[in-house]
Participant: 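Before I ask anything, here is the structure I am working with.
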Amino acid sequence: KTPKDGIVHPSQKQVVAEMKARADLGIDMLLIDGGWHISLQGPDSIPDRNAEWKPHPDVYRDQWRNVIELKEQLGIDLGLWGDARAIPLDAMVWNWEHLKMKQFKLDLARFNDHAALNGIIVKTRSFMLATDHQCMISWDLTENAPRYGYYWAREYGNLHFMNRKDKFPPNAIYIPSLCLRDY
């Protein structure tokens, strides 16, 4: 069965294979992308905004334990994807405490008012303090229209520019002029 919208969720098996391949190539980091916290068995591949933000037990039976063991064995770093608006601070901290990732990529960050913007600032600052500044934030700027400014909140980490798609969704299709603008 083809996943909805072509989304393929990162199963533990896929993550382990990617970690080994990256180590063989000398690449020092792997970002575990969206879907790690939902079932691969469900009919809908889009994460439920109310989903628990822990590794889904159907996909990661031992939570992050096997991934951590391989990470330490191979000597590579990990990053983790999260929905900026949906993932609560306690879940961000829980995943960092168990995975010890170096980067938390926050996606889908639209802040239409000052309260929403202030909320993400407070959450991000609290996360940075909880990790003793050992995990940076990577702000995903994939959509065509600037969502929150390209230099906003840079003190927390970097900007993730190139997450473009071939055909779908329309707001993330690769358009050279937009990529140049982003850079």
Participant: Under a 3.5 Å distance rule, please check whether Thr124 uses its side chain to pair with a backbone N or O of Ile121 as donor and acceptor.
Facilitator: no
Participant: Are Ile137 and Leu117 co-members of a hydrophobic cluster defined by side-chain heavy atoms under 4.5 Å apart?
Facilitator: yes
Participant: Assess the residue pair Trp36 and His56 against the criterion (side chain to side chain contact (heavy atoms under 4.5 Å, CB included)); give the C-alpha distance rounded to whole Å, side-chain angles, the decisive distance to 0.1 Å, and a yes or no.
Facilitator: CA-CA 6 Å; Trp36 52 268; His56 197 282; over 6 Å; no
Participant: Donor-acceptor pair, distance only, cut-off 3.5 Å: does the side chain of Asp83 make one with the backbone of Arg85?
Facilitator: yes
Participant: Just wondering, do Trp96 and Phe104 contact through their side chains at under 4.5 Å, heavy atoms?
Facilitator: no
Participant: Do the side-chain N and O atoms of Gln14 and Ser11 include a donor-acceptor pair separated by under 3.5 angstrom?
Facilitator: yes
Participant: With a 4.5 Å limit on heavy-atom distance, are the side chains of Val93 and Thr131 in contact?
Facilitator: no
Participant: To check you understand the geometry: which heavy-atom pair defines the closest contact between Lys105 and Asp33, and what is its length?
Facilitator: NZ-OD1, 4.0 Å
Participant: Once ring pair (Phe, Tyr, Trp, His ring centres under 6.0 Å) is applied, do any residues pair with Tyr60, and if so which ones, sequence neighbours excluded?
Facilitator: Trp64
Participant: What heavy-atom pair brings Asn95 and Met101 nearest, and what distance separates the two atoms?
Facilitator: O-SD, 3.8 Å
Participant: Under a 3.5 Å distance rule, please check whether Lys123 uses its side chain to pair with a backbone N or O of Ala84 as donor and acceptor.
Facilitator: yes
Participant: Please walk me through it: do Glu52 and His37 pass side chain to side chain contact (heavy atoms under 4.5 Å, CB included)?
Facilitator: CA-CA 7 Å; Glu52 184 173 9; His37 66 294; over 6 Å; no
Participant: How long is the straight-line distance from CG of Leu78 back to CG of Leu31, given to the nearest 0.5 Å?
Facilitator: 9.0 Å
Participant: Just checking His114: does its NE2 atom have more than 12 heavy atoms from other residues, nucleotides or ligands closer to it than 6.0 angstrom?
Facilitator: no
Participant: Under a single-linkage definition using a 4.5 Å side-chain heavy-atom cutoff for Ile, Leu, Val, Met, Phe, Trp and Tyr, are Tyr156 and Leu89 assigned to the same hydrophobic cluster?
Facilitator: yes
Participant: What's the spacing between Lys20 NZ and Leu25 CG if we round to 0.5 Å?
Facilitator: 14.5 Å
Participant: Side chains of Trp81 and Asp107 only: does a donor on one sit below 3.5 Å from an acceptor on the other?
Facilitator: yes
Participant: What's the spacing between Leu106 CG and Ile87 CD1 if we round to 0.5 Å?
Facilitator: 7.5 Å
Participant: Ignoring hydrogens, what is the shortest heavy-atom contact between Pro10 and Val59? Give both atom names and the distance.
Facilitator: O-CG1, 4.1 Å
Participant: What residues, two or more places apart in sequence or in another chain, satisfy side-chain hydrogen bond (donor to acceptor under 3.5 Å, both in side chains) together with Glu18?
Facilitator: Arg22
Participant: Which is it for Leu99 and Leu80 under the side chain to side chain contact (heavy atoms under 4.5 Å, CB included) test, yes or no, and what are the steps along the way?
Facilitator: CA-CA 9 Å; Leu99 193 57; Leu80 190 64; 4.2 Å; yes
Participant: Report the distance from atom CE of Met19 to atom NZ of Lys71, rounding to the nearest 0.5 Å.
Facilitator: 8.0 Å
Participant: According to a 4.5 Å side-chain heavy-atom criterion applied to Ile, Leu, Val, Met, Phe, Trp and Tyr, with indirect links allowed, do Met29 and Ile27 form part of one hydrophobic cluster?
Facilitator: no
Participant: Can you hop from Trp94 to Trp53 via hydrophobic side chains spaced under 4.5 Å?
Facilitator: yes
Participant: Once you round to the nearest 0.5 Å, how far does CE of Met92 lie from CE of Met128?
Facilitator: 9.5 Å
Participant: For Cys135, is there any backbone N or O sitting under 3.5 Å from a side-chain donor or acceptor partner on Lys100?
Facilitator: no
Participant: List for me each residue that meets side chain to side chain contact (heavy atoms under 4.5 Å, CB included) alongside Arg65, sequence neighbours excluded, and say none if there are none.
Facilitator: Asp62, Glu69
Participant: Should Trp139 and Met136 be counted in the same cluster of Ile, Leu, Val, Met, Phe, Trp and Tyr side chains packed under 4.5 Å apart?
Facilitator: no
